[in-house]
Amino acid sequence: MQANNIKALAESSRDKLKTAIEPIERFLNYHAIEQLAQMDNADSVNFYSGLLSDLRHLLVFSEVAYEKLGAVLRRPNLDVELAERALYDVYHNGVNSFFYPKNECYSEDGRYAYTGQDAIRFRTKPVRAARDVILGISRVYEELRDDLSYYESDYLTQRRMQSQAK
């Protein structure tokens with residue numbers, strides 16, 4: 001990929017991460033298990049414990065990627081290898097963390113992905129605030145996944161071929 005394309009992709013990815021970070025952080029700062037779960041219901045407590053844990057991980061991965069991209073973009077000359085590695089990390093840590101959460105409180109139902117309907121399905125019906133934050137950021141991570149699909153496997157294949165050629 002050309003340096004100009006990589007720079008533009010890094011800039012747009014960083015902007016998208018910023019729009020996802022803000023609502024996640026706001027939600028985590030103002031919501032606790034006691035506010036979300038029915039404390040006498042073990043399933044409810046487990047669901048929200050898992051959801052909050054997954055969101056904390058997603059926030060950390062997204063913030064780290066945001067900072068890495070910022071550091072790459074602040075350099076006077078774009079380091080293409082460093083930029084590509086940062087974009088790879090966005091895909092494999094951020095995007096995958098969103099679409100494959102460890103606690104599986106929600107998942108993407110591919111049957112709805114191209115219908116204009118929300119493709120995210122929750123294991124348990126969440127409170128409105130939790131539902132809104134997940135569905136709100138889902139669009140950002142869908143765009144990142146589409147933009148960075150090259151970094152799913154093609155990037156590693158290219159890196160392996162380069163290292164074998166040396």
Side-chain angles (χ1 to χ4, degrees), residues 7-75 82-152:
K7 184 175 183 179
L9 189 56
E11 288 170 342
S12 72
S13 296
R14 187 169 188 265
D15 291 342
K16 288 173 185 168
L17 284 170
K18 184 175 182 173
T19 64
I21 288 169
E22 290 170 357
I24 298 169
E25 191 168 36
R26 190 177 328 107
F27 179 80
L28 291 173
N29 285 342
Y30 293 103
H31 293 87
I33 291 175
E34 293 81 13
Q35 295 171 304
L36 300 169
Q38 298 167 356
M39 297 309 288
D40 58 343
N41 182 336
D43 289 338
S44 178
V45 171
N46 288 336
F47 174 79
Y48 287 107
S49 295
L51 182 66
L52 290 172
S53 175
D54 288 341
L55 282 173
R56 284 191 296 271
H57 283 100
L58 179 61
L59 179 61
V60 169
F61 288 141
S62 297
E63 286 179 330
V64 167
Y66 177 83
E67 292 302 322
K68 280 183 182 179
L69 289 171
V72 165
L73 292 168
R74 282 190 298 274
R75 290 177 167 224
L82 193 60
E84 286 202 309
R85 180 62 198 188
L87 291 168
Y88 174 85
D89 288 344
V90 170
Y91 188 91
H92 282 275
N93 294 328
V95 172
N96 281 343
S97 180
F98 177 78
F99 286 104
Y100 305 105
K102 178 181 174 186
N103 294 294
E104 299 178 347
C105 295
Y106 64 88
S107 61
E108 180 182 35
D109 188 338
R111 295 176 292 186
Y112 294 96
Y114 303 102
T115 63
Q117 298 176 359
D118 293 320
I120 301 297
R121 298 291 175 244
F122 293 92
R123 188 176 72 210
T124 301
K125 185 176 179 172
V127 298
R128 165 113 20 241
R131 181 183 180 281
D132 289 349
V133 74
I134 297 297
L135 294 180
I137 63 175
S138 71
R139 288 169 183 81
V140 174
Y141 287 99
E142 285 172 14
E143 289 175 14
L144 283 168
R145 179 176 59 187
D146 291 345
D147 293 349
L148 302 175
S149 62
Y150 168 78
Y151 295 95
E152 182 177 16

Under 3.5 Å donor-acceptor pairs involving side-chain atoms of residues 36-43, not counting sequence neighbours:
residue : atom : partner : partner atom : Å
N41     : OD1  : D43     : N            : 2.9
N41     : OD1  : S44     : N            : 3.2

If the condition is salt bridge (Lys or Arg N to Asp or Glu O under 4.0 Å), which residues does K16 pass it with, not counting sequence neighbours?
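Residues passing salt bridge (Lys or Arg N to Asp or Glu O under 4.0 Å) with K16: E143, D147.
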
Could you tell me which residues satisfy side chain to side chain donor-acceptor pair (under 3.5 Å) with S62, sequence neighbours excluded, listed by chain and number?
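Y141.
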
Just jot down the side-chain contact (heavy atoms from CB on, under 4.5 Å) partners of A32, sequence neighbours excluded, or say none.
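Once residues adjacent in sequence are excluded, the partners of A32 under the side-chain contact (heavy atoms from CB on, under 4.5 Å) criterion are E34, Q35.
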
What's the spacing between I134 CD1 and L58 CG if we round to 0.5 Å?
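Answer rounded to 0.5 Å: 7.5 Å.
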
Quick one: does L9's side chain get under 4.5 Å of Y150's, heavy atoms only?
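The answer is no; the side chains never approach within 4.5 Å.
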
Using a 6.0 Å cut-off, check whether atom CD of E104 has over 12 heavy atoms from anything other than its own residue.
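12 or below, so no.
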
Considering residues at least two apart in sequence or located in another chain, which fulfil the salt bridge (Lys or Arg N to Asp or Glu O under 4.0 Å) criterion with D132?
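R128.
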
Under the side chain to side chain donor-acceptor pair (under 3.5 Å) definition, can you give me all pairs with a residue in residues 50-61, not counting sequence neighbours?
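Matches after skipping sequence neighbours: D54-N103.
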
Side-chain touch V60/N93, heavy atoms, less than 4.5 angstrom:
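Sidechains of N93 and V60: no contact.
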
Can you run down the salt bridge (charged side-chain N to carboxylate O under 4.0 Å, His left out) pairs that involve residues 58-71, sequence neighbours left out, and say none if there aren't any?
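Every pair satisfying salt bridge (charged side-chain N to carboxylate O under 4.0 Å, His left out) with a residue in residues 58-71: K68-D89.
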
Nearest-0.5 Å distance that lies between atom OG1 in T19 and atom CG in L144:
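Answer rounded to 0.5 Å: 8.0 Å.
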
pair L87-L69: side-chain heavy atoms closer than 4.5 Å:
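The answer is yes, as the side chains (C-beta and beyond) meet within the 4.5 Å cut-off.
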
State which residue, out of R145, E84, R85, fulfils the side chain to side chain donor-acceptor pair (under 3.5 Å) condition with Y151.
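Filter result, single survivor: E84.
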
Tell me, please, which residues at least two apart from N96 pass side-chain contact (heavy atoms from CB on, under 4.5 Å).
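With sequence neighbours excluded, N96 shows a side-chain contact (heavy atoms from CB on, under 4.5 Å) to Y91, H92, Y100, given in chain and number order.
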
List the steps, then state whether side chain to side chain contact (heavy atoms under 4.5 Å, CB included) holds for E22 with R26.
CA-CA 6 Å; E22 290 170 357; R26 190 177 328 107; 4.2 Å; yes

Salt bridge (Lys or Arg N to Asp or Glu O under 4.0 Å) against R74, all qualifying residues, sequence neighbours excluded
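Salt bridge (Lys or Arg N to Asp or Glu O under 4.0 Å) check on R74 returns nothing, list empty.
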
Identify the two heavy atoms, one from S138 and one from F99, that lie closest to each other, and give their separation to 0.1 Å.
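For S138 and F99, the tightest heavy-atom pair comes out as O-CZ, 4.4 Å.
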
Which residues pass the ring-ring contact (aromatic ring centres under 6.0 Å, His included) test with Y106, not counting sequence neighbours?
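Testing Y106 for ring-ring contact (aromatic ring centres under 6.0 Å, His included), a comparison that skips the adjacent residues, returns F98.
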
State which residues pass side-chain contact (heavy atoms from CB on, under 4.5 Å) with A130; sequence neighbours excluded, sorted by chain then number.
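For A130 the side-chain contact (heavy atoms from CB on, under 4.5 Å) partners, ignoring immediate neighbours, are F27, Y48, L51, P126, V127.
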
Inter-residue atom distance I120.CD1 - R139.CZ, 0.5 Å rounding
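Interatomic distance, I120 CD1 to R139 CZ, rounded to 0.5 Å: 9.5 Å.
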
Can you tell me how far the CZ atom of R123 sits from the SG atom of C105, to the nearest 0.5 Å?
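One gets 4.5 Å once the value is rounded to the nearest 0.5 Å.
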
Main-chain N/O of A10 paired to S13 side chain as donor or acceptor, under 3.5 Å
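No; judged by distance alone, with no hydrogens or angles, the pair does not exist.
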
Heavy-atom closest contact (V140 atom, A20 atom, distance):
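For V140 versus A20, the nearest heavy atoms are CG1-CB, 3.8 Å.
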
Please name all residues satisfying side-chain contact (heavy atoms from CB on, under 4.5 Å) with L82, sequence neighbours left out, ordered by chain then number.
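L82 satisfies side-chain contact (heavy atoms from CB on, under 4.5 Å) with V72, R75, D79 once adjacent residues are dropped.
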
